[in-house]
Visitor: 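Here it is: the structure, laid out below.
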2 protein chains.
Amino acid sequence: METVGQIIRAKREAQGLLLRQVAAHLDIDQAILSKIERSERKPTKENILKLSEILKLDKDELMVQFMSDKIAYEIADEDCANRVLKVAEKKVKYLKAHPIKS
Amino acid sequence: METVGQIIRAKREAQGLLLRQVAAHLDIDQAILSKIERSERKPTKENILKLSEILKLDKDELMVQFMSDKIAYEIADEDCANRVLKVAEKKVKYLKAHPIKS
DNA sequence: ATTAACTTGACAATAAGTGTCAAATGTAAT
DNA sequence: ATTACATTTGACACTTATTGTCAAGTTAAT
């Protein structure tokens, strides 16, 4: 089970890029990127978009990994985690079928 | 599709309790409880626990509603929402099978 | 018109997220 | 073992989000 960080690091190294190079493209300090790759910090959506660009990763796929990481992390310690996901699925379905009028 | 707020308000009124009475038990201002019931604010986990006590609602069920609300809300606008939930499910399964050594 | 319940909005306090920087550590080559 | 470079670490600052208080406003029932 790969984390977003592991995916990123693998791809960055495969392309022979340095932390500092990729971080510059994201416009953040390399220290943060280092932490993101080791799952010590979470990337922002902005980070994910720019990472998919420079590392030539599929944007949607990376976003899915990013968001599922976040969700899994926030409910993993609950013993009702699976039920939470099931109910969330229903709610998402409902929300998509009944969009809020902005 | 009921929100946590709607569940709470229904139960509170069914028991003839006032906002101020329930809020006191939660140790928060009644203004916040009012907002929670109308989904203008989100409850904390602490709030949920105390609400299940005073309103005699099933703790786990209410927690499931609370967390699924939160998740549905944070991914509903993504078109990959369903995939996110599927992947999150896998990750949760993995995390439960391979607990982190604290 | 009074009263009681609830709602609203401005604001304050606190917590969480996001970032910088410099020093420390690791790693490989000379 | 010294140098050179990449990465990691931790202390700190800045910003944004969350959580709360309070007082004034609204609603609904006498």
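The figures here come from the full heavy-atom set of this structure, side chains too, leaving out hydrogens, waters and symmetry mates.
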Visitor: Could you state the atom-to-atom distance from CG of L18(B) to P of dA4(C) in whole Å?
Guide: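 L18(B) atom CG is separated from dA4(C) atom P by 12 Å.
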Visitor: Taking DNA chain C as the partner, which of residues 69-78 of chain B come within under 4.0 angstrom of it by heavy atom?
Guide: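 Per residue number, the list is empty: none.
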Visitor: With nearest nucleotide decided by heavy atoms, which residue, T44(A) or E13(B), maps closer to the 5′ end of DNA chain C?
Guide: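 Looking at DNA chain C, the more 5' nearest nucleotide goes with E13(B).
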Visitor: Measure the shortest side-chain to side-chain distance between K86(B) and N82(B) over non-hydrogen atoms and say whether it is less than 4.5 angstrom.
Guide: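 The answer is no; the side chains never approach within 4.5 Å.
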Visitor: Any link between L18(A) and V22(A) through a network of hydrophobic side chains (Ile, Leu, Val, Met, Phe, Trp, Tyr) touching at under 4.5 Å?
Guide: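 Looking at the clustering, V22(A) is in a separate group from L18(A).
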Visitor: The test is side chain to side chain contact (heavy atoms under 4.5 Å, CB included); show your working for S68(B) and K90(A) and say whether it passes.
Guide: CA-CA 9 Å; S68(B) 60; K90(A) 273 193 213 162; over 6 Å; no
Visitor: What are the atom names and distances for every N/O pair under 3.5 Å that joins the protein to nucleotides 27-30 of chain D?
Guide:
none

Visitor: By nearest heavy atom, map L19(B) and K42(A) onto DNA chain C; which one lands nearer the 5' end?
Guide: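 Checking each residue's closest nucleotide, the 5'-ward one belongs to L19(B).
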Visitor: Kindly list each side-chain donor-acceptor pair under 3.5 angstrom involving residues 26-34 of chain B, sequence neighbours excluded, with atom names and distances?
Guide:
{"from": "D29(B)", "atom 1": "OD1", "to": "A31(B)", "atom 2": "N", "distance (Å)": "2.8"}
{"from": "S34(B)", "atom 1": "OG", "to": "R38(B)", "atom 2": "NE", "distance (Å)": "3.4"}
{"from": "S34(B)", "atom 1": "OG", "to": "R38(B)", "atom 2": "NH2", "distance (Å)": "2.8"}

Visitor: Decide yes or no for I7(A) and Q65(A): does some side-chain heavy atom of the first lie under 4.5 Å from some side-chain heavy atom of the second?
Guide: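 They are in contact (side-chain heavy atoms under 4.5 Å apart), so the answer is yes.
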Visitor: Quick one: which protein N/O atoms are closer than 3.5 Å to N/O atoms of nucleotides 12-14 of chain D? Pair and distance per line, please.
Guide:
none

Visitor: Tell me the closest heavy-atom pair linking A88(B) and L85(A), and the distance in Å.
Guide: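 Looking at all heavy atoms of both residues, the closest pair is C-CD1, 4.2 Å.
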Visitor: Any pair with a residue in residues 4-24 of chain B that passes salt bridge (charged side-chain N to carboxylate O under 4.0 Å, His left out), sequence neighbours left out, goes on the list, sorted by first then second residue, please.
Guide: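 Residue pairs with at least one partner in residues 4-24 of chain B: R9(B)-E37(B), R12(B)-E37(B).
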Visitor: Of the non-hydrogen atoms in T3(B) and S39(B), which two are nearest, and what is the gap between them?
Guide: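 Residues T3(B) and S39(B), closest heavy atoms: OG1-OG, 3.6 Å.
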Visitor: Near DNA chain C, which residues from residues 23-39 of chain B have a heavy atom under 4.0 Å away?
Guide: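 Heavy-atom cutoff 4.0 Å gives Q30(B), A31(B), S34(B), K35(B), R38(B).
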Visitor: State whether R9(B) places a side-chain N or O below 4.0 Å from either non-bridging phosphate oxygen (OP1 or OP2) of dT7(C).
Guide: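 Looking at the OP1 and OP2 atoms of dT7(C), one of them is under 4.0 Å from a side-chain N or O of R9(B).
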Visitor: Return all side-chain donor-acceptor pairs below 3.5 angstrom for residues 48-59 of chain A, not counting sequence neighbours, or 'none' if the list is empty.
Guide:
{"from": "S52(A)", "atom 1": "OG", "to": "L49(A)", "atom 2": "O", "distance (Å)": "2.7"}
{"from": "D58(A)", "atom 1": "OD2", "to": "D60(A)", "atom 2": "N", "distance (Å)": "3.4"}
{"from": "D58(A)", "atom 1": "OD2", "to": "E61(A)", "atom 2": "N", "distance (Å)": "2.8"}

Visitor: Quick one: K45(A) NZ to dA17(D) P, roughly how many Å, whole number?
Guide: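 Whole-Å distance recorded here is 13 Å.
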Visitor: To the nearest Å, give me how far apart CD (E46(A)) and P (dT18(C)) are.
Guide: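 It is 12 Å, rounded to the nearest whole Å.
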Visitor: By side-chain contact (heavy atoms from CB on, under 4.5 Å), which residues pair with T44(B), not counting sequence neighbours?
Guide: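 Applying side-chain contact (heavy atoms from CB on, under 4.5 Å) to T44(B) gives E46(B), N47(B).
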Visitor: Rounded to the nearest angstrom, tell me the gap between atom CZ in R20(A) and atom C1' in dA6(D).
Guide: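 My rounded result for the distance is 8 Å.
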Visitor: Sequence neighbours excluded, which residues qualify as salt bridge (Lys or Arg N to Asp or Glu O under 4.0 Å) partners of K93(A)?
Guide: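 K93(A): no salt bridge (Lys or Arg N to Asp or Glu O under 4.0 Å) contacts found.
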Visitor: Which side-chain N or O atoms in residues 69-79 of chain A pair as donor and acceptor under 3.5 Å with protein atoms at least two apart or in another chain?
Guide:
{"from": "D69(A)", "atom 1": "OD1", "to": "K91(B)", "atom 2": "NZ", "distance (Å)": "2.5"}
{"from": "D69(A)", "atom 1": "OD2", "to": "V4(A)", "atom 2": "N", "distance (Å)": "3.3"}
{"from": "E78(A)", "atom 1": "OE2", "to": "K45(B)", "atom 2": "NZ", "distance (Å)": "2.6"}

Visitor: Return one dot-bracket line describing DNA chain D 5' to 3' (Watson-Crick or G-U wobble pairs, both distances under 3.5 Å; ( ) same strand, [ ] crossing, | another strand, . none).
Guide: ||||||||||||||||||||||||||||||
Visitor: Answer yes if V87(B) and L95(B) sit in the same cluster of Ile, Leu, Val, Met, Phe, Trp and Tyr residues linked by side chain heavy atoms under 4.5 Å apart, and no otherwise.
Guide: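 Each belongs to a different hydrophobic cluster.
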